[in-house]
K.L.:
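This is the structure I have questions about; it appears just below.
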2 protein chains.
Amino acid sequence: MATIKDVAKLAGVSVSTVSRVLNGSGYVDKTTEERVLSSIRSLNYQPNRIARSLVTRKTKTIGLILPDITNPFFPEVVRGAEDEAHKRGYNIILCNSDWDEEKEQVYLSVLQQQCVDGVILVGTKLSESYLVSIAATFPPIVVIDRTIALDMHSISSNNIQGAYAATGHLLAQGCRIIGHISGPEQSVSARQRMQGYRQALDEAGIPFLPELVVGGDYRMTTGKAAAAELLRRSPQLEGIFCANDLMAIGALEQLREASFRVPRDVAVVGYDGIAMSRYVYPPLTTVVQPTYRMGERAIQLLFDSIERNQPEFQHIELEPLLEIRKSSTRRACDENASRSRHR
Amino acid sequence: MATIKDVAKLAGVSVSTVSRVLNGSGYVDKTTEERVLSSIRSLNYQPNRIARSLVTRKTKTIGLILPDITNPFFPEVVRGAEDEAHKRGYNIILCNSDWDEEKEQVYLSVLQQQCVDGVILVGTKLSESYLVSIAATFPPIVVIDRTIALDMHSISSNNIQGAYAATGHLLAQGCRIIGHISGPEQSVSARQRMQGYRQALDEAGIPFLPELVVGGDYRMTTGKAAAAELLRRSPQLEGIFCANDLMAIGALEQLREASFRVPRDVAVVGYDGIAMSRYVYPPLTTVVQPTYRMGERAIQLLFDSIERNQPEFQHIELEPLLEIRKSSTRRACDENASRSRHR
DNA sequence: CTCCCGTGTGGTAACGTTTTCATAGAGGTA
DNA sequence: TACCTCTATGAAAACGTTACCACACGGGAG
């Protein structure tokens with residue numbers, strides 16, 4: 001690989017001048033510039049980013065830590081982030097933490113050594129106090145899918161509102177006995193979705209029954225088991241609101257195996273709006289989160305922090321959107337074949 | 001951030017000694033080592049990878065270029081690669097090329113500037129000659145999902161064999177008029193799958209009819225349209241072998257909308273084994289590719305090239321596996337659908 | 001006694017950039 | 001003429017490591 005010195009030698013100038021041409025900084029004569037550029041071309045020179053990073057202390061690299069890229073909620077977040085990063089000349093380093101705090105910490109430390117310019121944490125399990133404590137020695141951090149009150153960027157969607165809309169929809173479909181398969185207890189968003197569920201029941205004057213809530217962990221198999229448990233506890237069940245789509249899909253499977261008809265016997269609503277939700281049978285009503293936008297916005301926030309040096313921390317809350325499909329439309333469930341929206 | 005100099009000063013030794021402790025290279029006295037280690041701890045020192053990379057010319061970073069992380073075939077490949085990379089102390093830089101040759105080239109160049117130690121190309125559209133031509137000036141490259149004959153690592157699964165098994169399965173189910181929704185023409189794997197399809201028909205003594213093949217591009221909507229076209233051309237259709245699962249899922253949707261029963265009227269088989277395939281209705285028979293393993297093996301190959309300096313290029317071919325589900329089993333297809341509960 | 005080798009340590013030149021400072025000519029102004 | 005400013009350029013010091021070389025000490029072999 002040719003270096004800046006080779007270019008300088010070939011063009012008959014000093015490395016300083018080549019550097020100035022490269023960065024468009026300082027004065028450089030028109031004709032020398034052309035000479036330099038042609039040397040660059042003929043040597044097929046590409047500046048070494050590592051060397052550049054060492055002196056500028058910027059790597060144009062952003063670390064993205066998420067639980068598991070295999071989980072269909074995350075790829076779109078990543079895509080949003082990567083697209084936006086690429087536009088701005090940044091690269092993304094991907095890390096899978098498996099919802100494991102320790103692994104998250106390891107990755108954070110690796111990223112710090114790697115001198116990334118920023119970090120995006122999706123669905124982190126790290127405590128707010130820990131995050132705030134490391135923020136001082138870290139490049140800017142954006143937390144997605146979790147609201148951090150203090151000195152840190154965060155992006156989330158309004159889980160309470162989304163869950164409230166989902167449960168409200170089930171009520172509007174005539175369901176009165178509505179179960180909830182919740183997310184993991186430590187998860188803030190899971191708790192918020194539960195809260196939205198309770199709030200909707202409250203406002204409809206329906207008492208909250210603890211036995212109608214089964215704890216899950218966002219995985220498909222758990223959703224299936226939870227649905228079975230729910231049916232065991234309350235055979236009269238009319239609707240299930242699941243804290244995410246994967247569990248809802250597991251629930252659909254259980255219902256089918258137990259010969260319940262969806263939505264006629266039991267209506268089901270999920271959460272997240274993963275691509276798969278549209279193609280299960282019956283197509284799953286779900287609360288769509290703006291995942292792509294979340295990744296995109298995260299990069300924008302980091303960019304503002306890094307390049308514009310904007311110190312104010314932003315807490316962005318995006319709106320989730322209830323997308324009604326067949327799994328919950330009891331009124332018009334048989335005749336109305338193509339009511340679902342296509343994007 | 002503390003540097004190696006700070007550590008050296010605090011421990012009362014030279015930077016060389018600290019470096020030796022850090023890398024476990026050369027002689028260093030037991031007690032000095034402890035003194036250095038405790039200085040490292042008390043300063044919370046972390047070696048700067050950028051500086052290290054500049055001199056060692058190794059970044060412990062691997063670039064992974066794929067078409068679109070949002071496409072459910074890829075996350076598992078990425079996960080396999082990332083897990084294996086993490087074990088070995090490497091990081092992954094993720095790039096989405098959108099099946100766009102130009103974007104692939106841009107990313108390759110960026111990765112080269114970034115001095116990655118290796119590159120994984122998944123489903124690249126770049127020509128073999130181009131790849132071979134850049135290989136000389138590049139870090140080691142592994143091509144996944146494409147066999148490169150020449151001087152380059154490659155990992156693929158046997159597409160002909162997989163497609164042959166899929167089509168053979170449809171024949172075994174009694175299908176005689178079997179359509180094929182193919183992948184993009186430029187794609188080698190797509191052509192191979194077509195070849196396996198033809199071969200199976202051949203051996204069963206069934207003539208190959210060009211009108212039973214509709215060209216697709218691996219996307220769901222195309223699969224849907226292609227299925228419609230296939231039904232228009234040949235209403236007697238008994239089976240469809242799709243070159244990937246997404247198109248198969250699109251086909252299922254079309255068949256449902258056109259009131260064909262799957263698998264009784266038309267049996268459907270997909271390819272890839274994406275997670276979603278299990279949860280559509282009816283569950284999709286598919287040729288499962290060992291995606292996780294492909295990513296994993298790719299890293300192993302790169303690792304051998306980088307650290308062990310093994311020069312021989314390997315062409316690994318993994319076995320795909322036909323996973324039979326309801327979308328193609330014509331014998332026992334009805335019972336489940338009509339067993340709904342009445343109360 | 002001398003030589004050599006194993007051990008332990010420090011000094012310093014890389015690595016490929018950017019950045020800061022110095023220099024110098026050209027042209028304008030007082 | 002003397003001085004300043006603008007333009008154009010080069011030299012050299014960073015950036016934080018590793019790697020190479022030099023040196024010193026002790027002890028065993030000859």
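Throughout, a chain's letter reflects where its sequence line sits, starting with A, and its residues are numbered from 1. Computed from a predicted model, the values in this text were never measured in an experiment.
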K.L.:
State, to 0.1 Å, how close Asn48(B) and Ile50(B) come at their nearest heavy-atom pair, and which atoms those are.
P.N.:
OD1-N, 2.7 Å
K.L.:
Rounded to whole Å, please give me the gap between CD in Gln114(A) and P in dG16(D).
P.N.:
16 Å
K.L.:
For DNA chain C, determine which residues of residues 51-58 of chain B have any heavy atom closer than 4.0 angstrom to one of its atoms, and list them numerically.
P.N.:
Leu54(B), Val55(B), Arg57(B)
K.L.:
Give one of base, sugar-phosphate or nothing for Thr17(B), where a contact means two heavy atoms less than 4.0 Å apart.
P.N.:
sugar-phosphate
K.L.:
Check whether any side-chain N or O of Asp100(B) sits under 3.5 Å from a backbone N or O of Glu102(B) as a donor-acceptor pair, and report yes or no.
P.N.:
yes
K.L.:
Can you tell me the distance, in whole Å, between the CG atom of Asp29(B) and the C1' atom of dG26(D)?
P.N.:
14 Å
K.L.:
In whole Å, what is the span from the CG atom of Asn23(A) to the P atom of dT19(C)?
P.N.:
7 Å
K.L.:
Starting at atom OH of Tyr27(A), determine the distance to atom P of dT5(D), rounded to an integer number of angstrom.
P.N.:
13 Å
K.L.:
Write down the distance between CG (Asn48(B)) and C1' (dT18(D)), rounded to a whole number of angstrom.
P.N.:
13 Å
K.L.:
Per the side-chain contact (heavy atoms from CB on, under 4.5 Å) rule, which among Ile4(B), Val36(B), Leu10(B) passes with Tyr45(B)?
P.N.:
Ile4(B)
K.L.:
Scan Thr32(B) against the nucleic acid and name what it touches under 4.0 Å (heavy atoms): base, sugar-phosphate only, or nothing.
P.N.:
sugar-phosphate
K.L.:
Does Ser14(A) have a side-chain nitrogen or oxygen under 4.0 Å from the phosphate oxygens OP1 or OP2 of dA11(D)?
P.N.:
no
K.L.:
Can any side-chain N or O of Asn23(A) pair as donor or acceptor with the backbone N or O of Ser19(A) at less than 3.5 Å?
P.N.:
yes
K.L.:
Please compare Ser16(B) and Ile50(B) by the position of their nearest nucleotide in DNA chain D and report the one closer to 5'.
P.N.:
Ile50(B)
K.L.:
Rounded to whole Å, please give me the gap between CZ in Arg20(A) and C1' in dT19(C).
P.N.:
10 Å
K.L.:
Compare every heavy atom of Ile120(B) with every heavy atom of Ala81(B), then report the nearest pair and how far apart it is.
P.N.:
CB-CD1, 4.3 Å
K.L.:
Is the shortest side-chain N to carboxylate O distance from Asp117(A) to Lys60(A) below 4.0 Å?
P.N.:
no
K.L.:
Tell me: CZ of Arg49(B) to C1' of dT18(D), nearest whole Å?
P.N.:
15 Å
K.L.:
Atom CG of Leu22(B) to atom P of dG16(D): distance rounded to whole Å?
P.N.:
15 Å
K.L.:
Which heavy atom of Glu317(B) sits nearest to which heavy atom of Ser157(B), and what is that distance?
P.N.:
CG-C, 4.1 Å
